[in-house]
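Each chain gets a letter, A, B and so on, in the order its sequence line appears, and its residues count up from 1.
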Amino acid sequence: MSSVESANRTEAGAGEGGKIRLTLPDGTVKEVPFGTTGRAVAASIGPRLAKDALGVKLAGQVLDLSRPLTESGLFEVVTPKHADALELYRHSTAHLCANAVKRLFPGVKIGIGPAIENGFYYDFDPGRPFTPEDLEKIGAEMKKIVAEDNVVVRKEMSKAEAVKIFEAQGDPLKVEIVAGIPEGSLSCYEQKDFIDLCRGPHVPSTGKLGVFKLTHSAGAYWKGDERNPMLQRIYGAVFLTQKELDEHLARLEAAKARDHRKLGKELGLFLFHPWAPASPFFLPKGATVYNLLIAFMRDLYVKYGYQEIITPQIFDEELFRTSGHTGAYRENMYFMTIDEREFGVKPMNCPGHCLLFKSGHYSHRDLPVRYADFARLHRYEKSGVTQGLTRVRTFSQDDAHIFAAPESIGREVLDFLLFLDEVYSTFEFRDVDISLGLRPEKRVGPDEVWDRAETVLEAAIKATGRPYVVSPGDGAFYGPKIDFRVNDALGRPWQLGTIQCDFNLPELFDLHYVAEDGVKHRPVILHRAILGSLERFFGILIEHTGGDFPFWLAPEQVRVVPVSEKFNEYGEKILRRLIGAGLRATIDVRNEKLGAKIRNGELEKVPALLIVGKNEQEAGTVSLRVRGGDEYKDKDIERLIERMKEAVAQRSLRWYQRATGSFSTL
RNA sequence: GCUGGCGUAGCUCAACAGGUAGAGCAGCCGAUUUGUAAUCGGCAGGUUGCGGGUUCAAGUCCCAUCGCCAGCUCCA
């Protein structure tokens, strides 16, 4: 407890034997004796409330019902409807889980079990992994403990007492945690045959719990460090009502349908082969989207003053020694020996760009120089971390390096943020988490340089007024950065955009420009990407659109569907007109019934189907079926083409009066 | 990399406790000429990821290896 905090408490608490003042949500003030329990206060307000109570919240802090109240402040009873109830349920359910595991597997040691989004996890050292059958048994035992309705008791104790308890029950992991906690602030929670070290708070009895499902178990290193032994983590989902739990499980199920790996296969966008692990092949349709993303960025490069360059793939190791990569990044690189010379495949573009910059002479008037490069990069990633398109071993980025005078970094970062905004809004990426990554342990460059870089970045991001979080240790090895993260369908965050400040590379490559004073100065490099890895961006885009790409990106934009072979010729005529207008169009001349052709077009997520039969041929029109089922009769083909071209030119997400993509924030 | 799970036809899946691999869709051929999410019939398709082993017999059991999936960790 800080000294300020304890001072406040002394003032507000009025001391032993005095009174404290509780301000209820309706504004009334209740005076109760110091040390009255939350349960007693709830009971004095109403028996129903006391019955529903899970805990109380006093002065912003959630407390057990049994805790004596020792300060004045805003007082609320935490009932199931209260915003903090879920957290309480989740954490208490974690204890419930450990209780059940201890009963069923007496030798199992317990680790930690916090509440997390949607539920909880609990780490155990079981000696062997849990099987799905184990999880079922554990779940059943948990239900039994709920039925027993055991009272949950908070026990404050000394470290010595706690160590004694956990040594006695054979829990060395708990003993280890106790050792790290300062004396005087230690508490345990006991429910009948189970006691666990915990700060609390918890629900008053196990009978309050019950809406949960153990979802899966997986290995997890003790304290998240791979040098530590691996424990078994059980994950559980916990909600207020069975309905919400069911909905959550259904949502997870639905999210699987938008998994980019599944859709990529179904829609024929990309594939993988065991001989090129974690390295995607893009099929024609996937390559179309990929190239359109690049074309999009190229357009904006003109607007934002970037120049595209093309640089080598493989360099003498000398380059990576100079850049520091052989030291800090070696384990992620591919090397080869040719002609008794060591070469490395580039994992990043920056070293090559430095060589290019160094080859010229620059005055302050030439800066900033913004070099963009879509070159393919290769990074060795450990086998367990690769995943679909979101984490691969070869990819290209909308990468660029800005060589700028130190005083113009702020301006450049702000321009970048505008650029990024324009791109993300095109895709309607709304839930973007921004984080400022500060110096990691493993890094190059002196601390004074890091100080400067971190200050400049934070100032720029503050100037935009956007919310952001600071992540110490999350910076690149060569400098601090601002990362932009977007979630995939299953809610896992992925970094897309980034801007990284680098004062080190210009030193290492001895880069300079001539300033107004006629003297050589050191430029600063800003590494930046907006889409980030195009592979990853593609994957995220698939998941956000569910495979329904916006019209301008759809690999096949229009499909002509003749009602029968009799109208193939008319269909071909329409097709030629569409292709002539620059649209990606095909025709379905298979010997199939109309219904089957429509079904196919829908399954392949073609945004526009143009049905042509007797009526259309006679009128010289087409019948438009917009993806999703809307049907519009007798469209004038020229007007339709105009509309489509406009949607492409404006890169609009909706091209025909209605949403074609369902953007989920799950 | 670590822990666990999985790997059968192009795709989705089946095959009792080991008994010698089967279906739908897709593909090919034929018939049908179709009006807004699946026309009918036929044919073809697999050294069960790869390599060992146990067994009279292995998709099934064991070992090893590759790949994929979940998580840990790491990162764009």
Nearest of [options] to any side-chain atom of [X]?
{"X": "A/Y221", "options": "B/A37, B/C72, B/C75", "result": "B/C72"}
{"X": "A/S383", "options": "B/C11, B/G1, B/G35", "result": "B/G1"}
{"X": "A/R391", "options": "B/C74, B/A37, B/G35", "result": "B/C74"}
{"X": "A/S623", "options": "B/U36, B/U3, B/G35", "result": "B/U36"}
{"X": "A/L594", "options": "B/G1, B/G71, B/U36", "result": "B/U36"}
{"X": "A/Q387", "options": "B/C75, B/G71, B/G67", "result": "B/G71"}
{"X": "A/Q232", "options": "B/U3, B/A70, B/C2", "result": "B/U3"}
{"X": "A/K566", "options": "B/G1, B/G35, B/U34", "result": "B/U34"}
{"X": "A/E602", "options": "B/G35, B/U33, B/A37", "result": "B/A37"}
{"X": "A/P129", "options": "B/A37, B/C75, B/G4", "result": "B/G4"}

Counting only heavy atoms not in A/K223, do more than 12 sit closer than 6.0 Å to its NZ atom? yes
A/E569 atom CD, neighbour heavy-atom count above 12 within 6.0 Å: no
Students often get this wrong, so: under 4.0 angstrom with heavy atoms, is [X] touching a base, only sugar-phosphate, or nothing?
{"X": "A/A276", "value": "nothing"}
{"X": "A/K481", "value": "sugar-phosphate"}
{"X": "A/A596", "value": "sugar-phosphate"}
{"X": "A/G532", "value": "nothing"}
{"X": "A/Y121", "value": "nothing"}
{"X": "A/G613", "value": "base"}
{"X": "A/L496", "value": "sugar-phosphate"}
{"X": "A/G388", "value": "sugar-phosphate"}
{"X": "A/V561", "value": "nothing"}

Is the gap between the ring centers of [X] and [Y] under 6.0 Å?
{"X": "A/F282", "Y": "A/F538", "value": "yes"}
{"X": "A/H216", "Y": "A/Y235", "value": "yes"}
{"X": "A/F270", "Y": "A/Y290", "value": "no"}
{"X": "A/F124", "Y": "A/Y122", "value": "yes"}

Whole angstrom is fine here: how far is it from [atom1] in [X] over to [atom2] in [N]?
{"X": "A/N228", "N": "B/U3", "atom1": "CG", "atom2": "C1'", "answer": "14 Å"}
{"X": "A/Y380", "N": "B/U73", "atom1": "OH", "atom2": "P", "answer": "18 Å"}
{"X": "A/L610", "N": "B/G35", "atom1": "CG", "atom2": "P", "answer": "19 Å"}
{"X": "A/E604", "N": "B/A37", "atom1": "CD", "atom2": "P", "answer": "16 Å"}
{"X": "A/D474", "N": "B/U73", "atom1": "CG", "atom2": "P", "answer": "13 Å"}
{"X": "A/I234", "N": "B/U3", "atom1": "CD1", "atom2": "P", "answer": "19 Å"}
{"X": "A/R233", "N": "B/G71", "atom1": "CZ", "atom2": "C1'", "answer": "8 Å"}
{"X": "A/I611", "N": "B/A37", "atom1": "CD1", "atom2": "P", "answer": "9 Å"}

Rounded to whole angstrom, note down the [atom1] distance from [N] over to [M].
{"N": "B/U20", "M": "B/A26", "atom1": "P", "value": "30 Å"}
{"N": "B/C43", "M": "B/A58", "atom1": "P", "value": "31 Å"}
{"N": "B/C72", "M": "B/U60", "atom1": "C1'", "value": "32 Å"}
{"N": "B/U8", "M": "B/C50", "atom1": "C1'", "value": "15 Å"}
{"N": "B/G27", "M": "B/U34", "atom1": "C1'", "value": "22 Å"}
{"N": "B/G10", "M": "B/A70", "atom1": "C1'", "value": "27 Å"}
{"N": "B/A23", "M": "B/G45", "atom1": "P", "value": "13 Å"}
{"N": "B/C13", "M": "B/C66", "atom1": "P", "value": "26 Å"}

Would you list the pairs meeting salt bridge (Lys or Arg N to Asp or Glu O under 4.0 Å) in which at least one residue belongs to residues 278-289 of chain A, sequence neighbours left out? A/K285-A/E604
Strand RNA chain B in bracket notation, Watson-Crick/G-U under 3.5 Å with | for pairs to another chain: (((((((..((((.....[..)))).(((((.......))))).....(.(((..]....))).))))))))....
Looking at A/W494, A/F484, A/F537, which one forms a ring-ring contact (aromatic ring centres under 6.0 Å, His included) with A/F429? A/F537
Which residue is it: A/F427, A/F374, A/Y301? I am looking for the one with a ring-ring contact (aromatic ring centres under 6.0 Å, His included) to A/F296. A/F427
OP1 or OP2 of [N] versus the side-chain N and O atoms of [X]: is any pair under 4.0 Å?
{"X": "A/R227", "N": "B/G1", "value": "no"}
{"X": "A/K265", "N": "B/U12", "value": "yes"}
{"X": "A/R625", "N": "B/G35", "value": "no"}
{"X": "A/R261", "N": "B/C69", "value": "yes"}

State whether A/F416 and A/R370 meet the cation-pi test: NZ (Lys) or CZ (Arg) under 6.0 Å from the six-membered ring centroid, and within 45° of the perpendicular axis.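 Ring-cation test returns no.
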In terms of the nearest nucleotide of RNA chain B, which residue is placed more toward the 5' end: A/Q500 or A/G384? A/G384
Let me know, please, whether A/M230 or A/T390 comes out on the 5' side of the other along RNA chain B by nearest nucleotide. A/M230
Side-chain heavy-atom pair A/I542, A/F549 within 4.5 angstrom cut-off: yes
